[in-house]
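Keep in mind that what you see is a predicted model, and the values were worked out from it rather than measured. What's counted below: heavy atoms across the whole structure, side chains too, no hydrogens, waters or symmetry copies.
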Amino acid sequence: MIQHFQFQPMYKEQRLPGWTFSFYFKQNRYEGNYLPDGKIEWTSAAPPEDSVQTLSSQIHDLMLYHVYDKQ
């Protein structure tokens, strides 16, 4: 489960070209970029391969809730 999820626009006062995010998973911190098309670019070491798909889905859901549903 993702803990302490945070995000912010890549550039002040702009929603595009995407957002940076960070969170903790199994006591490890992960960081990445969330692009407008839903693609995730990891800027830290990527999570374990067996967790990437689940975490990507959770990140996508969080971004939909916090960014896109707030428009």
Q: Applying side chain to side chain contact (heavy atoms under 4.5 Å, CB included), run through M63 and F5 and close with a yes or a no.
A: CA-CA 10 Å; M63 292 303 291; F5 181 79; 3.8 Å; yes
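- Atoms OG1 and OH, on T20 and Y34 in that order, are 13.5 Å from each other to the nearest 0.5 Å.
- Counting only heavy atoms from C-beta outward, the side chains of L62 and F23 never approach each other to under 4.5 Å.
- Among residues two or more places apart in sequence or in another chain, the ring pair (Phe, Tyr, Trp, His ring centres under 6.0 Å) test is passed with F7 by H66.
- Put simply, CD on Q8 and OG on S22 are 8.0 Å apart, with the number rounded to the nearest 0.5 Å.
- Taking the centre of each ring, W42 and F21 come in below the 6.0 Å mark.
- In this structure, E41 has no side chain to side chain donor-acceptor pair (under 3.5 Å) partners at least two apart in sequence or on a different chain.
- Aromatic ring pairs are classed by plane angle as parallel below 30°, tilted from 30° to 60° and perpendicular above 60°; the pair F25 and Y30 is tilted.
- In this structure, the side chain of S51 does not engage the main chain of P47 through any donor-acceptor pair within 3.5 Å.
- Legend: residues meeting side-chain contact (heavy atoms from CB on, under 4.5 Å) with Q58, ordered by chain and number and at least two apart, are I2, T54, L55.
- The two atoms that bring G18 and P36 nearest to each other are CA-CD, 4.1 Å, heavy atoms only.
- Annotation: salt bridge (Lys or Arg N to Asp or Glu O under 4.0 Å) contacts involving residues 26-36, sequence neighbours excluded, comprise R29-E31.
- Here the NE2 atom belonging to H60 is positioned 15.5 Å from the NZ atom belonging to K39, to the nearest 0.5 angstrom.
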Q: Given side chain to side chain contact (heavy atoms under 4.5 Å, CB included), test I40 with N33 step by step and report yes or no.
A: CA-CA 6 Å; I40 294 173; N33 295 327; over 6 Å; no
